[in-house]
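Index from 1, following the sequence. All values below were derived from every heavy atom in this structure, side-chain atoms included, with hydrogens, water molecules and symmetry-related copies excluded.
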Amino acid sequence: MGHCQDDQLVNTIYDLYEKISKLESLKPCEDVNTLFKQLVSTCIPPNPNIDVTKMCESIQEMRSNLIKICGEAEGHLEHHFSSILTSFIDNPLHHLNLFPYYNNYLKLSKLEFDLLEQNLNGSVPKSVAFIGSGPLPLTSIVLASFHLKDSIFHNFDVDPSANSVAARLVSSDPDLSQRMFFHTADVMDVTESLKGFDVVFLAALVGMDKQEKIKVIEHLEKHMSPGALLMLRSAHGPRAFLYPIVEPCDLQGFQVLSVYHPTDEVINSIVVSRKMGGDEINGVDHMDEASELGCNCSQIHTIMNKKKSIIEEFAGAIEEQLS
């Protein structure tokens, strides 16, 4: 391994990655559970010295593989618990605490709700979309049950089996079954209906790498209503070995309102932004704001795209004068 392997923490993560890669299956079992517990507890302590974007290529490659593996394992874990929960004859939602990370979701959803409230200026969202809701749509369930008790939730997932398990889970709840809907779709095919949402949540694992994530964000920017909020999940420090990073400069066409990096057992960072209106898009302000928020603008695509259109207009004007 190259020069960037001196760090003890990165070494530990690399060793765990090697062990996890050798597993025959990522479905929950003793080995899988133990290794992922170790991985999570290694990545959780905040560490200001870890910036995954500056690490050598072999580590970057390991990280992107690890994120995909974590995503797959998370899917299996959620399927597993969703099936266990639906086996309860009474309301399965009364047993959510059986899920090992349920408390994390309670805390994450409370954080997201508080950040939403700060940025919604007193208005309550009528309809919320959750993109990448999975077989155990805990964020939607927790928000709908405790925080947004009058909002309608539309959950989108590309996997039909995830949706059918999730729909079965809420079907016996008299309240949520009336306010929660499931759609099997790739977000890149969802266009018109995105205009109907006051708030859109994007799951951490929709868009596993930077390029995919930016494609999804650009698609949302094109189709969301001006003024609607986008709630994104990101990762910071060593936690970025578990989830992709979204930086303020990735959010072209959105005004970044707050970025929150938890330091407790909540793993995901939260980025809240507002879709800008057609008239007030002021690239300069937006980019200054992004750089103030500490943006690693190696992804200068945001500025470049804006500059490009200005340059094209300018070139067009000159051509007209010359002709």
J.: Measuring only between side-chain heavy atoms, which start at C-beta, is V259 closer than 4.5 Å to V256?
T.: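 They are in contact (side-chain heavy atoms under 4.5 Å apart), so the answer is yes.
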J.: Verify the cluster assignment for L39 and M55: are they in a single hydrophobic cluster under the rule of side-chain heavy atoms below 4.5 Å apart?
T.: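 In one cluster: yes.
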J.: Could you tell me whether a side-chain N or O of S151 sits under 3.5 Å from a main-chain N or O of P125, the two making a donor and an acceptor?
T.: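 Judged by distance alone, yes, a pair lies under 3.5 Å.
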J.: Could you pull out all residues at least two apart from T139 that satisfy side-chain hydrogen bond (donor to acceptor under 3.5 Å, both in side chains)?
T.: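 side-chain hydrogen bond (donor to acceptor under 3.5 Å, both in side chains) list for T139, sorted by chain: R233.
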J.: Same hydrophobic cluster for V165 and V170, using side-chain heavy-atom links shorter than 4.5 Å among ILVMFWY?
T.: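 Different clusters: V165 never reaches V170 through Ile, Leu, Val, Met, Phe, Trp or Tyr contacts under 4.5 Å.
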J.: Do I131 and D157 have side-chain heavy atoms sitting under 4.5 Å apart?
T.: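 SC-SC contact between I131 and D157 ruled out.
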J.: Rest of the hydrophobic cluster containing F181 (Ile/Leu/Val/Met/Phe/Trp/Tyr, side-chain heavy atoms under 4.5 Å)?
T.: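 F181 shares its hydrophobic cluster with I152.
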J.: When H95 is tested against each of Y102, F81, F88 for ring-ring contact (aromatic ring centres under 6.0 Å, His included), which residue passes?
T.: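 The single option meeting the ring-ring contact (aromatic ring centres under 6.0 Å, His included) with H95 is F88.
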J.: If you compare all heavy atoms of P174 against all heavy atoms of N91, which two are closest, and at what distance to 0.1 Å?
T.: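 Smallest interatomic distance, heavy atoms only, reads CD-ND2, 4.4 Å.
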J.: Are V158 and L194 in one and the same hydrophobic cluster, where Ile, Leu, Val, Met, Phe, Trp and Tyr link if side-chain heavy atoms are under 4.5 Å apart?
T.: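 Each belongs to a different hydrophobic cluster.
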J.: Going by the salt bridge (Lys or Arg N to Asp or Glu O under 4.0 Å) test, which pairs reach into residues 185-207, not counting sequence neighbours?
T.: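 Sorted result for residues 185-207: E192-K195.
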J.: Taking K107 for its side chain and V266 for its backbone only, find out whether a donor-acceptor pair lies under 3.5 Å.
T.: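 Not at all, since once roles are kept as given, no pair shorter than 3.5 Å links the two residues.
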J.: For the backbone of V142 and the side chain of S145, can you confirm whether one donor and one acceptor N or O come within less than 3.5 Å of each other?
T.: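 No; zero donor-acceptor contacts below 3.5 Å.
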J.: Within the structure provided, determine whether I69 and I67 are in side-chain contact (heavy-atom separation under 4.5 Å).
T.: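 They are not in side-chain contact.
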J.: So which atom in V190 and which in H223 form the shortest heavy-atom distance, rounded to 0.1 Å?
T.: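 Scanning both residues, the minimum pair turns out to be O-CD2, 4.5 Å.
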J.: Return yes if some donor-acceptor pair links the side-chain N/O of T86 with the main-chain N/O of S83 below 3.5 Å, else return no.
T.: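 Yes; judged by distance alone, with no hydrogens or angles, the pair exists.
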J.: So, do C70 and F36 sit near enough that their side-chain heavy atoms are less than 4.5 Å apart?
T.: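 Touching, per the 4.5 Å side-chain cut-off.
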J.: For K19, which residues count as a salt bridge (charged side-chain N to carboxylate O under 4.0 Å, His left out) partner, sequence neighbours excluded?
T.: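 Once residues adjacent in sequence are excluded, K19 has no partner under the salt bridge (charged side-chain N to carboxylate O under 4.0 Å, His left out) criterion.
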J.: Could you tell me which non-hydrogen atom of A166 sits nearest to which non-hydrogen atom of G134, and how far apart they are?
T.: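 Smallest interatomic distance, heavy atoms only, reads CB-O, 3.7 Å.
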J.: Are F146 and L96 grouped together when hydrophobic residues (ILVMFWY) are joined by side-chain heavy atoms under 4.5 angstrom apart?
T.: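 Yes, it is one cluster - the side chains of F146 and L96 are joined through contacts under 4.5 Å.
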J.: Anything under 30° is parallel, anything over 60° is perpendicular, the rest tilted; go ahead and classify F99 against Y101.
T.: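 Geometry flag for Y101 against F99: perpendicular rings.
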J.: Which residues satisfy the ring pair (Phe, Tyr, Trp, His ring centres under 6.0 Å) test with H147, sequence neighbours excluded?
T.: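 Scan of H147 (ring pair (Phe, Tyr, Trp, His ring centres under 6.0 Å), adjacent residues dropped) gives F113.
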J.: Taking all atoms of both residues into account, what is the closest heavy-atom pair of E221 and Q252, and its distance?
T.: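 Answer, listing the atom of E221 first, then Q252: CG-O, 3.3 Å.
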J.: Which residues pass the side-chain hydrogen bond (donor to acceptor under 3.5 Å, both in side chains) test with N163, sequence neighbours left out?
T.: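 Checked N163 against side-chain hydrogen bond (donor to acceptor under 3.5 Å, both in side chains); matches are T184.
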J.: Compile the donor-acceptor pairs under 3.5 Å between side chains in residues 40-47 and protein atoms, sequence neighbours left out, one pair per line.
T.:
| from | atom 1 | to | atom 2 | distance (Å) |
| --- | --- | --- | --- | --- |
| S41 | OG | K37 | O | 3.0 |
| S41 | OG | Q38 | O | 3.1 |
| T42 | OG1 | Q38 | O | 2.6 |
| N47 | OD1 | N49 | N | 2.9 |

J.: For Q60 and V52, indicate whether the former's side chain and the latter's backbone hold a donor-acceptor pair under 3.5 Å.
T.: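 Yes, because the side chain of Q60 sits within donor-acceptor range (under 3.5 Å) of the backbone of V52.
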J.: Between S269 and H261, does any side-chain donor sit less than 3.5 Å from a side-chain acceptor?
T.: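 Note: S269 and H261 side chains meet the donor-acceptor criterion.
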J.: Can you name the nearest heavy-atom pair linking F197 to A228, along with the distance?
T.: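 Answer, listing the atom of F197 first, then A228: O-CB, 3.5 Å.
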J.: Run the salt bridge (charged side-chain N to carboxylate O under 4.0 Å, His left out) test against D175 and tell me which residues pass, sequence neighbours left out.
T.: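 Expected list: R179.
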J.: Looking only at heavy atoms, what is the nearest atom pair of G207 and P244, with distance?
T.: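 Where G207 meets P244 most closely, the heavy atoms are O-CG, 3.7 Å.
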J.: Counting neighbours of CD on E212 that are heavy atoms of other residues, nucleotides or ligands and sit closer than 6.0 Å, is the number greater than 12?
T.: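 Check passes, neighbour count above 12.
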J.: Closer than 3.5 angstrom, by distance alone: can the side chain of S82 be matched with the main-chain N or O of P135 as a donor-acceptor pair?
T.: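 Checking the backbone N and O of P135 against the side chain of S82, a donor-acceptor pair under 3.5 Å is found.
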J.: Only distances under 3.5 Å count here; give the side-chain donor-acceptor pairs of residues 72-79 to other protein atoms, sequence neighbours excluded, each with its distance to 0.1 Å.
T.:
| from | atom 1 | to | atom 2 | distance (Å) |
| --- | --- | --- | --- | --- |
| E74 | OE1 | Y243 | OH | 2.7 |
| E78 | OE1 | L136 | N | 3.4 |

J.: Could you pull out all residues at least two apart from K222 that satisfy salt bridge (charged side-chain N to carboxylate O under 4.0 Å, His left out)?
T.: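 Not a single residue meets the salt bridge (charged side-chain N to carboxylate O under 4.0 Å, His left out) criterion with K222.
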J.: If the condition is side-chain hydrogen bond (donor to acceptor under 3.5 Å, both in side chains), which residues does N155 pass it with, not counting sequence neighbours?
T.: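 Only S140 meet the side-chain hydrogen bond (donor to acceptor under 3.5 Å, both in side chains) criterion with N155.
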J.: So, D250 side chain and I214 main chain: donor-acceptor pair closer than 3.5 Å or not?
T.: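 No, the answer is negative, given that no donor and acceptor are paired below the 3.5 Å cut-off.
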J.: Between K210 and E247, is there a salt bridge with N-O shorter than 4.0 Å?
T.: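 Judged by the 4.0 Å cut-off on N to carboxylate O distance, E247 and K210 do form a salt bridge.
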J.: Is there a donor-acceptor contact under 3.5 Å from the side chain of K213 to the main chain of V246?
T.: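 Judged by distance alone, no pair lies under 3.5 Å.
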J.: Is a side-chain N or O of R63 found less than 3.5 angstrom from the main chain of A240, in a donor-acceptor match?
T.: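 Side chain of R63 to backbone of A240: a pair is present.
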J.: Check for a donor-acceptor pair, side chain of H183 on one end and backbone N or O of H154 on the other, with a separation under 3.5 Å.
T.: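 No; judged by distance alone, with no hydrogens or angles, the pair does not exist.
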J.: Test of understanding: with salt bridge (charged side-chain N to carboxylate O under 4.0 Å, His left out), list the residues that count as partners of K110, not counting sequence neighbours.
T.: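 Scan of K110 (salt bridge (charged side-chain N to carboxylate O under 4.0 Å, His left out), adjacent residues dropped) gives D114.
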